[in-house]
Amino acid sequence: SALRRFDSGGDLQVGSALAISALALLFFGVNSLILCRKTVNGTNSRNDGFGIRTQATKTSDAAWNAGHKAAVPLLRTFGFLDILFALILVVIGILAPDISARLGITIRLIAYAVAGGGFLIAVKKADAAARASNGQ
C-alpha cells in the first residue's frame, strides 16, 4: 500500500529514499535563495557563518559584497533548480515508489551534481569578482 514504506525485508523502498533525498536539495535551494535575497537587499554583511566564504571574499567588506553580487544570478538560478529537482524527486517517489535502485541512484546523482556544480560555479564567480575588487 502507499502508506507502507518498507518492503517485507524491512528495507526502505527506492521511492521513499528519493523523497527523503529531496530534503537536502530543498535545503540547498532555499539557502541559495536566502543568500541571494540578503545580497540584493544589502543585508548580507561579511560574517563567518553564512555566505560564500573564500580567501578573497573574506579580505574586506568590498570584496565580500562584490563577490556575492557577482554570484546573485547563479545563486538565484540554481536555488530554483534545486527546489525544482527536490519537487521532482518527491513526485517520482510518490508516483513510482518501486523504481529500480539503480535508476533511483542515477536520478539522485544527477540532481546533486547539478546542485553542487551550480554552487561551485557561483563560488568561482564570487571569488573572481572579490579578487578583482581587491586588485588581484
Side-chain angles (χ1 to χ4, degrees):
S1 83
L3 296 176
R4 191 165 172 248
R5 286 289 159 204
F6 293 92
D7 65 17
S8 59
D11 295 327
L12 192 63
Q13 291 181 349
V14 175
S16 297
L18 282 173
I20 291 166
S21 300
L23 291 175
L25 287 171
L26 183 63
F27 176 80
F28 292 134
V30 168
N31 277 310
S32 290
L33 293 177
I34 290 170
L35 182 56
C36 178
R37 172 156 285 196
K38 287 180 70 121
T39 299
V40 169
N41 291 343
T43 59
N44 181 31
S45 57
R46 188 164 45 134
N47 66 82
D48 290 331
F50 187 70
I52 299 173
R53 296 179 302 124
T54 67
Q55 186 174 356
T57 61
K58 293 188 300 181
T59 57
S60 69
D61 289 341
W64 179 269
N65 292 330
H68 283 81
K69 284 180 184 172
V72 161
L74 291 166
L75 291 170
R76 183 179 295 122
T77 299
F78 284 99
F80 283 124
L81 276 176
D82 294 350
I83 292 169
L84 176 64
F85 278 128
L87 293 172
I88 289 170
L89 289 180
V90 169
V91 168
I92 292 171
I94 291 169
L95 297 181
D98 296 322
I99 66 171
S100 74
R102 178 173 289 163
L103 181 57
I105 290 169
T106 301
I107 291 168
R108 281 181 283 188
L109 286 176
I110 291 168
Y112 286 133
V114 170
F119 191 73
L120 287 176
I121 293 167
V123 168
K124 287 185 71 107
K125 183 139 184 138
D127 190 66
R131 287 181 190 281
S133 80
N134 286 331
Q136 297 176 347

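Quick note: numbers below take in every heavy atom, side chains included, and nothing from hydrogens, waters or symmetry partners.
- For the ring pair (Phe, Tyr, Trp, His ring centres under 6.0 Å) condition, no pair includes a residue of residues 33-59, sequence neighbours left out.
- Residues satisfying the side-chain contact (heavy atoms from CB on, under 4.5 Å) test with K58, not counting sequence neighbours, are R53.
- With hydrogens and angles disregarded, a donor-acceptor distance shorter than 3.5 Å links the side chain of R108 to the backbone of G104.
- By the side-chain contact (heavy atoms from CB on, under 4.5 Å) test, S45 pairs with no residue at all, sequence neighbours left out.
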For a quick test of your reading: what N or O donor-acceptor pairs under 3.5 Å do the side chains of residues 67-91 make, sequence neighbours left out?
residue, atom, partner, partner atom, Å
H68, ND1, W64, O, 2.8
H68, NE2, I52, N, 2.8
T77, OG1, P73, O, 2.9

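- D61 pairs by the side chain to side chain donor-acceptor pair (under 3.5 Å) definition with R46, not counting sequence neighbours.
- Residue F27 belongs to a hydrophobic cluster whose other members are F28, with links defined by side-chain heavy atoms closer than 4.5 Å.
- Across all non-hydrogen atoms, the minimal contact from A63 to A56 is CB-O, 3.3 Å.
- Of all heavy-atom pairs between N47 and G49, the closest is OD1-N, 2.7 Å.
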Would you give me the side-chain donor-acceptor pairs under 3.5 Å for residues 111-126, sequence neighbours excluded?
residue, atom, partner, partner atom, Å
Y112, OH, S21, O, 2.7

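- Listed by chain and residue number, T39 satisfy the side chain to side chain donor-acceptor pair (under 3.5 Å) test with N44 (two or more places apart in sequence, or in another chain).
- Taking NZ of K38 as the start and CG of L33 as the end, the distance is 14.0 Å to the nearest 0.5 Å.
- Not counting sequence neighbours, S32 has no partner by the side chain to side chain donor-acceptor pair (under 3.5 Å) test.
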